[in-house]
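Position 1 is the first residue of the sequence, and the numbers go up from there. Counting starts at 1 for both ligands and their atoms, following the listed order.
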Amino acid sequence: MSADGPLVLAVESSCDETGIALIAGGRTILSNVVASQTALHAASGGIVPEVAARAHLRWIVPVLEQALDDASVQVDDVDAVAVTHGPGLAGSLLVGINFAKTLAWVHDKPLVGVNHLEGHLYAAWLRDANRDLPEEPVFPLVALIVSGGHTFLVEMRDHLTYRLLGQTVDDAAGEAFDKVGRLLGLPYPGGPAISKAAEAARLHDAAFPRAWLGDSYDFSFSGLKTAARRTIDEARANEGLPTGGRADTEPDARLSEAAVAELAWGFEDAVVDVLVTKTIRAAEDVGARSIVLGGGVAANTSLRTRLTGEAEAMGIPLIVPRPALCTDNGAMIGAAGARRYAAGDRASLALDASPSLPLARR
Ligand code: KG4
Ligand code: ZN
């Protein structure tokens with residue numbers, strides 16, 4: 001036990017980042033090491049599950065050593081070992097779970113299973129050691145989590161209790177960014193590349209459809225992706241380029257930079273518009289006193305700026321962790337794991353991977 005409360009060693013391996021962190025008192029990051037596989041998957045333009053699992057296996061021990069070293073602690077010092085047990089890729093999850101179980105068993109520590117989505121929410125409570133405490137989310141809150149694998153809106157009235165308000169019925173928001181980025185011939189992952197390209201747009205006249213799905217808080221991005229494919233083909237035809245193919249397989253037949261910028265802007269604007277509008281409506285409906293934004297897409301400047309402005313207009317704070325805490329990492333699992341540990345949650349050493357683990361049911 002540290003002066004700040006329990007010391008948790010947390011392991012995250014649900015997708016393509018191997019993350020291990022040491023978290024004190026559920027909030028303070030003593031260390032947070034992430035081995036990212038982005039470069040590894042860039043060649044195939046997406047994640048190959050078996051390649052991801054093998055990369056976790058390769059990197060998990062060095063990541064642990066670095067995390068212990070950075071925090072100047074030993075495994076025997078920790079109060080609990082927390083690990084993501086779902087949702088995620090089965091092979092990737094199994095590497096982290098088996099590793100965490102072994103640590104817990106060998107060092108006789110309690111094991112705590114954490115839902116990856118809960119981890120993204122709890123990133124909002126993290127703070128860096130030796131820095132002032134940032135604003136703490138206040139309940140009731142509405143949280144929008146948008147990443148390559150998930151897109152959902154949830155209400156929290158207290159710790160560890162969730163009411164799912166809506167989720168994507170098809171692609172995740174980040175996935176849509178990645179797919180449209182590929183159609184535009186931009187590098188993987190598409191999210192940051194689209195965001196960067198959009199900054200160069202001057203006309204701001206590319207109009208993409210919004211899927212409102214009536215009054216529901218659900219999201220859909222597949223229609224937008226189809227519309228993007230059609231619009232990109234039209235723009236290519238206008239420039240006398242071949243259509244219907246993936247732009248990245250025809251590097252010599254790329255759309256002009258100006259056209260890419262306009263299309264990237266139009267697509268981003270449509271995604272951000274729907275995400276912000278639904279989040280603000282949800283916050284009004286539940287009488288939220290704060291809004292939390294998380295997941296890899298929270299790194300998007302346009303999304304952050306618009307949501308900050310609208311939350312300000314409502315007179316409530318928007319809490320967005322710094323970008324490295326929005327993408328997958330061990331610290332967020334440690335923050336959620338510390339809450340679960342304090343609430344008495346213990347996983348058995350028979351803990352298994354749950355690739356489709358839901359956060360909460362309506
Ligand atoms: O949370 P994350 O690292 O991994 C998952 O759990 O999925 O999110 C990765 C996703 C990718 O789809 C990536 O394109 C997207 O986040 N992303 C962005 C930006 N930065 C990352 N999307 C839009 N704008 C960005 N600036
Ligand atoms: Zn994630």
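The nearest N/O/S atom of Asp328 to the Zn ion (ligand 2) is OD1.
The residue from Val272, Asn300, Val271 that puts a heavy atom closest to atom 26 (N) of ligand 1 is Asn300.
Protein heavy atom at the shortest distance from atom 18 (C) of ligand 1 is Gly191 CA, 3.5 Å. Distance from atom 21 (C) of ligand 1 to its nearest protein heavy atom, with residue and atom name: Gly296 O, 3.4 Å. Closest to atom 13 (C) of ligand 1, if we only count protein heavy atoms, is Asp178 OD1, 3.7 Å.
Close approach to Pro189 involves these atoms of ligand 1, each under 4.0 Å from a residue heavy atom: 14 (O). Within ligand 1, the atoms closer than 4.0 Å to a non-hydrogen atom of Gly174 are 12 (O), numbered from 1 in the order shown. Near Val297, meaning under 4.0 Å from any of its heavy atoms, are these atoms of ligand 1: 15 (C), 16 (O), 18 (C), 22 (N), 23 (C). Atom numbering of ligand 1 starts at 1 in the shown order; those under 4.0 Å from a heavy atom of Ala299 are 20 (N), 26 (N). Close approach of ligand 1 to Thr327 (heavy-atom distance below 4.0 Å) involves ligand atoms 1 (O), 3 (O). Taking every non-hydrogen atom of Asp328 and a distance limit under 4.0 Å, the qualifying atoms of ligand 1 come out as 1 (O), 3 (O), 4 (O), 5 (C), 6 (O).
Lys101 places no side-chain N or O within donor-acceptor distance of the main-chain N or O of Ser348, the cut-off being under 3.5 Å. Between the Thr102 side chain and the Asn98 main chain, a donor and an acceptor come within less than 3.5 Å of each other.
Contact detail for His120 and Thr327: the closest heavy-atom pair is CE1-C, 4.3 Å. Leu325 and Asn32 get closest at one heavy-atom pair: CD2-ND2, 3.6 Å. Here the closest heavy-atom approach between residue Cys326 and residue Pro321 is recorded as SG-O, 3.3 Å. The nearest pair of heavy atoms linking Val114 to Gly337 is CG2-CA, 3.5 Å. The two residues Ala53 and Val95 have their closest heavy-atom pair at O-CG2, 3.7 Å.
Considering backbone and side-chain atoms alike, Gly148 places an N or O below 3.5 Å from some N or O of ligand 1. Inclusion of Glu17 in the set of residues having an N or O under 3.5 Å from an N or O of ligand 1 is not warranted. Note: no N/O pair closer than 3.5 Å links Phe177 and ligand 1 by distance alone.
The proximity of His150 to ligand 1, defined as any non-hydrogen pair under 4.0 Å, is limited to the side chain.
Ring-plane geometry between Phe219 and Phe221 is classed as parallel, the angle between the planes falling under 30 degrees on a 0 to 90 degree scale with a further cut at 60.
Under 4.0 Å is where a charged nitrogen must lie from a carboxylate oxygen, and between Asp170 and Lys225 no such pair does. With respect to the salt-bridge test (charged N to carboxylate O, under 4.0 angstrom), the residues Glu118 and Arg339 do not qualify.
A donor and an acceptor atom, one from each side chain of Glu239 and Ser256, are located under 3.5 Å apart.
The nearest N, O or S atom of His116 is closer to the Zn ion (ligand 2) than 2.8 Å.
Taking a 4.0 Å cut-off on heavy atoms, Cys15 fails to register as neighbouring ligand 1.
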